[in-house]
Amino acid sequence: MTGAQMREEFLRFFESKSHKRLPSSSLIPSDQTVLLTLAGMMQFKPVFLGEKSAPGPRATTVQKCVRMNDLENVGNTARHHTFFEMLGNFSFGDYFKEEAISWCWELLTEVYKLDSTKLWVAVFYKDDESYKIWQDKIKFPVARIVKLDEENNFWSAGPTGPCGPCSEIYYDFGASRGCGKPTCGPSCDCDRFLEIWNLVFMENNRDEKGALSPLPKKNIDTGMGLERISSIMQGAETNYETDLLWPMIEKMADIAGLTVDKKKTHEMAKERYKSFKVVADHSRAVTYLLADGVIPSNEGRGYVLRRILRRAIRHGHLLGVKKSFFSQIAEKAIELGSPVYPELKEKKDFIIKVIRAEEENFSRTLDQGLVILDKMVQNKRIDAFQLYDTFGFPLDMTQSIAREQGIEIDVAQFEKEMTEQKSRARQAGISNKAEGTMGGEIAVQTDEEKQSMARHHSATHLLHAALRQVLGTHATQAGSQVTPDKLRFDFPHYQALTKSEVEKVESLVRAEVQKSDPVTISEMGFDEAKEFGAMALFGEKYGDRVRVVKMGEFSTELCGGTHVCNTRDIGEFKIISESAIAAGTRRIEALAGEALKKYVAEKLAKELDVLTARLNQLNKINEHIALLSKTKQEAVTLTTEEAKKLSGEELAVKNAELAEAIKKAEKELQKLQQEAVLAKVDEYLKDIKKIKELSSLVLKLQDVSVDQLKALAEALSMKMGDGGIVFLASAIDGKLLYLAKAGAKAVVSGMNAGELVKKAAQLTGGGGGGKAEMAQAGGKDASRLGEALKVVEEEIKKIAG
Ligand code: SER
């Protein structure tokens with residue numbers, strides 16, 4: 001049977017027992033006690049607790065699940081996964097143990113037709129009732145029934161909530177696969193016994209103190225791993241040779257230029273097969289998480305996704321694949337999963353785009369990080385925080401590499417440094433909590449400031465709603481700051497907004513302002529507010545009573561802040577900047593109303609100032625040029641017309657006077673020209689390129705003298721600091737001048753001003769050189785200047801990157 005058939009047979013079987021077939025819920029659970037959906041029962045938790053009515057007395061599902069507790073094992077064993085599918089049947093206060101056990105038996109032996117002599121059963125040691133059902137009703141041989149403790153046979157989804165004793169069914173692969181220990185049995189860690197189905201008798205609720213109380217009704221929750229049961233049915237040695245995962249391994253082998261044989265995986269080197277398994281498993285986790293709206297980030301679910309992705313990329317590298325590969329594996333996973341999970345196909349373009357961006361990002365630092373990690377291993381001291389902070393290595397990835405080398409990571413130290421970094425970020429104003437949602441945070445403010453604050457606050461709600469419309473529902477608030485001067489809004493998104501996206505967001509907000517919708521504020525219970533459609537911020541704590549702020553049909557949010565009375569009071573709205581504050585997190589700054597008018601007026605005034613200053617400078621230069629040529633002319637006139645009338649001495653004095661005047665005027669002119677060049681420093685700085693920790697600026701100038709170049713290089717490198725590299729080229733009087741300057745840190749990184757100017761000079765038929773810190777050279781062939789600058793830029797990139 002194929003995996004697809006197994007799924008279908010399971011659902012049909014339970015439909016024939018009057019179960020309602022329901023769809024899988026999203027991997028993003030509505031239950032906020034867990035980060036990700038980890039079992040089929042998650043969507044029914046409120047039903048078990050009696051908080052929500054049941055969708056019917058019985059249900060059956062195939063549920064997408066992601067579990068991170070097995071991450072380390074994935075690849076090392078035959079059966080562990082991050083993403084897997086769980087087949088389940090549920091009773092909501094309807095049937096109980098007897099039916100659950102009987103139907104389980106019927107499906108395994110009559111539909112799936114497993115060899116019943118290979119099956120073992122475990123029951124909770126206090127659960128005599130289940131033991132008796134297996135023994136008397138099923139007539140299961142007691143020699144293969146084991147009684148296990150709480151740890152093995154009492155199931156709960158988390159520290160609190162619905163739970164209960166369970167009975168598990170195991171498949172015995174035979175002693176040859178086992179560890180051979182006399183204690184080996186179903187609960188053993190070795191590969192002999194495979195747990196295939198877990199029947200939970202959901203009858204208890206555990207509170208915060210750990211105390212158990214009965215649930216309103218007795219329920220059934222069962223879960224069978226589709227990959228595991230498929231491996232048995234398909235005679236596969238591990239889950240990875242089933243038709244659910246093997247196609248991804250084949251694709252990876254294809255990319256890596258390696259051959260794989262489904263029947264001979266045991267002959268492959270263990271480490272190599274591990275990498276194949278990791279790539280295959282992770283390709284499903286990544287695609288399904290992305291399809292459900294998780295976006296890579298450095299926190300929460302987004303970080304779970306990023307960790308899995310990075311781990312997969314590393315294992316691709318271990319298989320010798322250095323170019324981007326993971327999106328191709330993901331495409332395979334999408335192709336396989338789409339018939340059952342159409343969301344994969346719908347979001348395909350988005351999924352591939354995000355994977356490519358993430359892979360490109362991480363591949364850049366992975367190799368470098370591994371070199372550093374290697375050095376750390378040699379010194380027997382691994383700084384996991386540095387690897388995380390500089391190269392983006394997730395802690396678990398560093399841990400597994402370290403473990404391979406027999407080194408343990410100091411996790412406490414890592415966490416300490418993480419906390420310190422977070423608090424630094426907080427002080428710098430990068431907050432993940434919504435700031436200013438509970439009001440009352442403003443000290444004394446004028447009426448206009450208060451109104452401006454309210455405008456920005458209301459505009460934030462509109463911006464939030466507009467972003468979700470334009471970019472997708474993942475664009476939820478990750479942080480915000482509202483002041484009378486402007487608003488700032490952070491949200492997860494994987495790439496910069498395009499110009500047209502920014503314009504769309506702006507026009508949606510403006511349209512809502514135009515509509516003049518009243519802003520209504522009402523108080524209600526939290527649950528009522530959620531039903532009302534209010535957007536609650538994940539991870540925020542809300543009291544029992546919440547304040548719901550509604551702006552027409554456009555936005556409904558929980559918020560305690562001060563708002564305008566009508567959307568038209570927001571006035572004009574404009575996004576003034578859009579940038580990244582961390583990988584996967586964007587920041588928008590925007591202005592509304594009077595603050596926007598003030599901003600525009602100030603900006604215009606500043607521009608006007610700069611232009612006026614430039615104009616004055618040019619005027620002065622022109623005056624001096626005129627003066628200079630007049631003085632020169634006088635000298636010439638004097639020589640030709642009056643020279644004869646003057647004595648030799650008088651002539652000498654006159655000449656000296658004129659020469660002095662010319663020298664002075666020339667000096668003055670030079671000073672002015674230098675000032676004009678320096679006045680453009682800030683403009684030049686806009687062209688700085690960041691490469692890792694260094695920054696570079698390569699400029700092509702016209703008619704700038706050596707002295708001016710020197711002054712300019714000095715001013716630019718002062719502004720750029722230790723990590724700066726400045727390379728200036730000037731075409732003057734048919735010649736080329738080069739001047740380069742490198743800061744101390746840049747020199748330590750291998751940057752050499754002397755080498756840079758030499759390269760450019762050689763290409764343009766000249767020569768020169770100097771020190772690593774500063775150098776000067778000349779050239780003749782201006783037609784090759786563009787080419788020479790390209791070479792210089794490449795060289796800088798090579799050394800800095
Ligand atoms: N909730 C149980 C499990 O996850 C059975 O579905 O194993």
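Annotation: K274, atom NZ; neighbour count of heavy atoms from other residues, nucleotides and ligands within 6.0 Å is above 12. Other residues, nucleotides and ligands contribute at most 12 non-hydrogen atoms within 6.0 Å of the CD atom of E553. Around the CD atom of E208, the shell of radius 6.0 Å holds no more than 12 heavy atoms that belong to other residues, nucleotides or ligands. Applying the 6.0 Å contact sphere to NZ of K353 captures no more than 12 heavy atoms from other residues, nucleotides or ligands.
In this structure, R311 contributes its side chain and L71 its backbone to a donor-acceptor pair below 3.5 Å. With hydrogens and angles disregarded, a donor-acceptor distance shorter than 3.5 Å links the side chain of D243 to the backbone of G3. Distance alone, capped at 3.5 Å, is enough to place a donor-acceptor pair between the S230 side chain and the L226 backbone. Looking only at distances, no side-chain donor or acceptor of T585 sits under 3.5 Å from a matching main-chain atom of I581. Under the 3.5 Å distance criterion, the side-chain polar atoms of E358 are left unmatched by any main-chain donor or acceptor of P296. Between the T242 side chain and the S231 main chain, no donor and acceptor come within less than 3.5 Å of each other. Looking at R58, its side chain does come within 3.5 Å of a backbone N or O of K17 through a donor-acceptor pair. Under a 3.5 Å cut-off, the side chain of R228 and the backbone N or O of I196 do not form any donor-acceptor pair. No donor-acceptor distance shorter than 3.5 angstrom exists from the side chain of R488 to the backbone of E589, with no hydrogens or angles considered. T60 places a side-chain N or O within 3.5 Å of a backbone atom of G88 that can act as its donor or acceptor partner.
The OG atom of S400 sits 6.0 Å away from atom CZ of R314, with the distance rounded to the nearest 0.5 Å. The CG atom of N219 sits 6.0 Å away from the OG atom of S91 when rounded to the nearest 0.5 Å. We find the OG-CD1 distance between S324 and I313 to be 8.0 Å, quoted to the nearest 0.5 Å. With rounding to the nearest 0.5 angstrom, the CD atom of E85 is 14.0 Å from the CD1 atom of I229. We find the CE-CD1 distance between M6 and I232 to be 8.5 Å, quoted to the nearest 0.5 Å. If you take CD on E203 and CG on L215, they are separated by 8.5 Å, rounding to the nearest 0.5 Å.
Residues A59 and F92 approach most closely at CB-CE1, 3.8 Å, considering heavy atoms. Nearest heavy-atom pair across I28 and D292 is CD1-O, 3.2 Å. Counting all heavy atoms, side chain and backbone alike, T77 lies closest to K277 at O-NZ, 3.1 Å. Residue T287 comes nearest to L344 through the heavy atom pair O-CD2, 3.8 Å, listed as atom of the first residue, atom of the second, then distance. Between G316 and F325, the shortest heavy-atom contact is CA-CZ, 3.5 Å. M248 and S283 get closest at one heavy-atom pair: CG-OG, 3.5 Å.
Using cut-offs of 30° and 60° on the angle between ring planes, the pair Y494 and F350 is perpendicular. Taking the six-membered ring where tryptophan is involved, the planes of Y388 and Y303 are perpendicular, since the angle between them exceeds 60° and thus also 30°. Taking the six-membered ring where tryptophan is involved, the planes of W103 and F14 are perpendicular, since the angle between them exceeds 60° and thus also 30°.
When the options R586, Q481, R587 are evaluated for a side chain to side chain donor-acceptor pair (under 3.5 Å) with D490, the one that passes is R587. Across K322, R310, K323, H317, a single residue satisfies side chain to side chain contact (heavy atoms under 4.5 Å, CB included) together with S363, and that is H317. Screening L309, L305, T82 for a side chain to side chain contact (heavy atoms under 4.5 Å, CB included) with L289, the sole residue that qualifies is L305. E227 pairs in a side chain to side chain donor-acceptor pair (under 3.5 Å) with only one of the listed residues (R79, R284, H81), which is R284.
A donor atom on one side chain and an acceptor atom on the other are found under 3.5 Å apart for E241 and T238. Between the side chains of S25 and Q63, a donor-acceptor pair is found at a separation under 3.5 Å.
Salt-bridge formation is detected for the pair E503/K499: a Lys NZ or Arg NE/NH1/NH2 atom is positioned less than 4.0 Å from an Asp or Glu carboxylate oxygen. Using a cutoff of 4.0 Å between basic side-chain nitrogens and carboxylate oxygens, E51 and K45 are not scored as salt-bridged.
Aromatic pair Y240/F276: centroids not less than 6.0 angstrom apart. The aromatic ring centres of W197 and Y112 sit 6.0 Å or more apart.
Annotation: side chain of L463 is in contact with side chain of L487 (closest heavy-atom distance under 4.5 Å). A heavy-atom distance below 4.5 Å is found between the side chains of M41 and W155. Using a 4.5 Å heavy-atom threshold, the side chains of I588 and L497 count as touching. Side-chain contact between K64 and E343 is present, with heavy atoms from C-beta onward closer than 4.5 Å. For the pair L318 and H315, the minimum side-chain heavy-atom distance is below 4.5 Å. Contact annotation: the side chain of V470 approaches that of L508 to within less than 4.5 Å [non-hydrogen atoms, C-beta and beyond]. You'll find the side chain of V66 stays beyond 4.5 Å of the side chain of Y288, heavy atoms only. You'll find the side chain of M252 reaches within 4.5 Å of the side chain of V321, heavy atoms only.
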Checklist entry - Should E335 and K332 be marked as a salt bridge (charged side-chain N to carboxylate O under 4.0 Å, His left out) after you check the CA-CA gap, both sets of side-chain angles, and the distance that decides it? => result CA-CA 5 Å; E335 180 192 316; K332 216 4 133 246; 3.4 Å; yes
Next on the checklist: If you apply the rule side-chain contact (heavy atoms from CB on, under 4.5 Å), what do you find for I334 with I351, and how did you get there?
Outcome noted: CA-CA 9 Å; I334 292 171; I351 294 171; 4.1 Å; yes
Item to check | Criterion salt bridge (charged side-chain N to carboxylate O under 4.0 Å, His left out) on E8 and R21, from CA distance to verdict | outcome: CA-CA 11 Å; E8 192 51 33; R21 187 196 288 224; 2.7 Å; yes
Checklist entry - Are T265 and W246 close enough, and set up right, to give a side-chain contact (heavy atoms from CB on, under 4.5 Å), and what steps lead you there? => result CA-CA 11 Å; T265 51; W246 187 252; 3.7 Å; yes
Item to check | Worked check of side-chain contact (heavy atoms from CB on, under 4.5 Å) between F385 and L395 | outcome: CA-CA 8 Å; F385 181 75; L395 176 64; over 6 Å; no
Item to check | Step-by-step side-chain contact (heavy atoms from CB on, under 4.5 Å) determination, I249 to K262 | outcome: CA-CA 9 Å; I249 291 185; K262 194 151 72 168; over 6 Å; no
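Pairs engaging residues 51-75 under the ring-ring contact (aromatic ring centres under 6.0 Å, His included) rule: none recorded [sequence neighbours left out].
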